Amino acid sequence: MVKKILLSVCLVTVAALTVMAQVRIATPNVEMVLKAAPGEELQIQYFGGGLSETDVAVLDVAGAPNHNAYPPYGLWCASEASLVVTHSDGNMSTVLKVEGVETVDEHTAKVTRIRLKDTVYPFFVTVCYRAYQDVDMIETWTEIENQEKRPVTLARFDSGYLPVRVGDVWVSHLYGTWANEGRLAQEPLERGMMVIKNKDGVRNSHTDHAEVMFSLDGKPAENEGRVIGAALCYSGNYELRIDTRDTDYHQFYAGINPDNSAYILAPKEVFKTPELALTYSDEGLSGASRNFHKWGRKYKLAHGDRLRKILLNSWEGVYFDINEPGMDQMMADIASMGGELFVMDDGWFGVKYPRLTDNCALGDWKVDRNKLPNGIGWLVEQADRHGIKFGIWIEPEMTNTTSELYEKHPDWVIKAPEREPVTGRGGTQLVLDLSNPEVQDFIFKVVDDLMTENPEIDYIKWDANMSVVSHGSQYLPKDRQSHLYIEYHRGFAAVCDRIRAKYPDVTIQACASGGGRANWGVMPWFDEFWVSDNTDALQRIYMQWGTSYFFPAIAMASHISATPNHTVFRTTSLKYRIDVAMSGRLGMEIQPKNMTDEEKDLCRKAISEYKEIRPVVQFGDLYRLVSPYDGHNMASLMYVSENKSEAVFYWWKTETFYDEHLPRVKMAGLDPERIYKVRELNRIDNEPLPYEGLSFTGEFLMENGLEIPLKHNVDYHKQDDWSSRVLYLVAE
Ligand code: GLA
């Protein structure tokens, strides 16, 4: 029986290895064409919208780039390379030729594996492509295999390469810093090398993001024009390079950042690079975003098909001031407003060193009985009594020099050999060395113990508030110190895999001093991320706008907080804060005890209305309409349900002047033939909008749009300079 099975596998492999010169990698609307003739170099001929057989057949003469699809270093040294190898005998050149092509059906995707071999050495690279058959995304990665007798050294190991035809090409990408994450930058691609990178070691999206979009038809437009989108799915250091020399192509390379990360590949070892996800849309930037969102929700985000709960997080409400009556009051308040979950943030743990502020106790994940005499179990019971779920904050990759964990395991932290550790937050924080399997076991146990003792915990906020600041692993051998960054993230992945295997249902938020972990590398284990520690509604419009380029609303935690805002000290109206938070995964981050009854009523109403639109926001198609970055003093976007029967339209004023004449916003994504009834949500005006309850064709809404009054019609003493609207459109 066993023999029979082996035989059939062999037959399939032999048949599959039959090589065709042209390889088509296609999703419903996106296609890549490669030339993979045996004994020749693997070449890329095309990436863009789907092609007909007629056109594929003549691509070669129709101006295909025919660039090496994964250029190695060594011959033609002046060009940038995707792969740089020093072979075991010191030879720094690699020349790869096609050995065979294999295509395997994988559930809803086709995986094409093209095996390349060095012409001299037993050194192999398999270039892999996963083309989804129900979403428009092609993932590419490589598997680098050393069959030489001794180790080889990899000095660069990109995930993928793509030539982009020169024209009027613009790149859109995200940059920022703590409390200002996800800022959108859009610029024409000029001559020279553009490098987008991260070297944090632990988190990788506070500053630049590992995703880009190329607008091929000039200045980026949201709803028209051809766009290529790319996202490197990796949790660690990355480098995206766009090289523009005096040729017809911008050359795009993406992969793990090789800086200080030379990788010694042992004989027989295979190095798998992270996936680079590629998409294409002729419906502008929003079209490419929708492709990322659909693929993300379906294949890359934990529970992308499950509606998210509306929560209250304790952080901005009480900070470290955790105690039983306080937690119970917050739970009662969020429950009374219609919320579904309460999350207790930092400050609940530490026995020998109680966590009263941020300078101790990380790693000592035992409840502080002075604050919580009845433990987590009691809180979970109270949550249940209030009819909501309970969630908890941890930061399991970290410790403090003031902690029982560090006293016991000083050898578990990342630090440069022979030197004192360099500390972070609170003057005492350190990063645990996840390359060490004992540390991995410890981190798994943090979650396992919490969940075993309190199986009803519904949500974990997993934080990470420090970078690798001094390079060194006390676990890795001296000659493998350059593996630290890569092994850290392998360790992180191994822990996350174990947690998800045992706790597939718990909701986990990726927080990292705010938005430090908004990347597709972590999302398979996480349900969402904290967009930013900055909860100021106005600045959130800019950050959430940028973040929405690559990530769906369901993954973007967006909370109503207090004013003056705790980060920028701006005072905004509650209505405005609600209207912004309601465009993502709605939550609250506030002390409800300090809210007036009127404010609570407004939130209660908002939560109830959000429940109505939640499926449209969290599963719908995003159409960005007017960018806050374009200086029109307002911003607008909308979500449309897949069957186009419902839509939610958002409009936020970003500046206020007297005598303004703002553009009337045309909607998008509706069915022109259908008739939509308009209802305003979160209304504070004394009178309804003139078109409240009236119906319009999708065509009218998309050709003309609706006039939005610049101010709210409220009593004189309630007037302020904030204005926003949320309209719910339902097809009749
Ligand atoms: C980080 C997070 C915050 C909060 C604090 C707690 O800054 O981003 O949301 O959880 O840690 O210390």
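Everything numeric here is computed off the predicted structure, so don't read it as measured data.
A salt bridge does not link Arg297 with Asp305: every distance from a Lys NZ or Arg NE/NH1/NH2 to an Asp or Glu carboxylate oxygen is 4.0 Å or more.
Between Phe696 and Phe700, the two ring planes are parallel [angle under 30°; tilted spans 30° to 60°]. By the 30° and 60° cut-offs, the orientation of the rings of Tyr280 relative to Phe47 is perpendicular. The aromatic rings of Phe292 and Phe550 lie perpendicular to each other, with more than 60° between the two planes, well past the 30° mark.
Under the rule for a side-chain hydrogen bond (donor to acceptor under 3.5 Å, both in side chains), Trp520 has no partner lying at least two apart in sequence or in another chain.
With rounding to the nearest 0.5 angstrom, the CG atom of Asp345 is 10.0 Å from the CD atom of Glu316. Between the CZ atom of Phe252 and the CG atom of Leu189 there is a distance of 10.5 Å, given to the nearest 0.5 Å.
The stretch residues 548-572 participates, sequence neighbours left out, in these salt bridge (Lys or Arg N to Asp or Glu O under 4.0 Å) pairs: Asp536-Arg570. Among residues at least two apart or in separate chains, salt bridge (Lys or Arg N to Asp or Glu O under 4.0 Å) pairs with a member in residues 717-732 are Glu598-Lys718, Glu680-Arg725, Asp685-Arg725.
Exactly one residue among Lys309, Arg614, Arg585, Lys389 makes a salt bridge (Lys or Arg N to Asp or Glu O under 4.0 Å) with Glu340. That residue is Arg614.
Within 6.0 Å of the NZ atom in Lys666, the count of heavy atoms belonging to other residues, nucleotides or ligands does not exceed 12. Residue Lys677 places its NZ atom among 12 or fewer non-hydrogen atoms of other residues, nucleotides or ligands, all under 6.0 Å distant. Applying the 6.0 Å contact sphere to CD of Glu642 captures no more than 12 heavy atoms from other residues, nucleotides or ligands.
Both tests pass for Arg624 against the ring of Tyr549: distance under 6.0 Å to the centre and angle within 45° of the axis. Remark: Arg540 is positioned above the aromatic ring of Trp530, its terminal NZ or CZ atom under 6.0 angstrom from the ring centre and at most 45 degrees off the axis. Taking the ring centre of Tyr623 as origin, the terminal cationic atom of Arg290 falls inside the region bounded by 6.0 Å and 45° from the ring axis. Stacking of Lys653 on the aromatic ring of Trp722 is not recorded, the 6.0 Å distance cut-off and the 45° axial limit not both being met.
Considering every non-hydrogen atom in both Leu240 and Glu211, the closest pair reads CD1-N, 4.0 Å.
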Are Asp168 and Trp170 close enough, and set up right, to give a side-chain hydrogen bond (donor to acceptor under 3.5 Å, both in side chains), and what steps lead you there? CA-CA 7 Å; Asp168 189 5; Trp170 286 56; 3.1 Å; yes

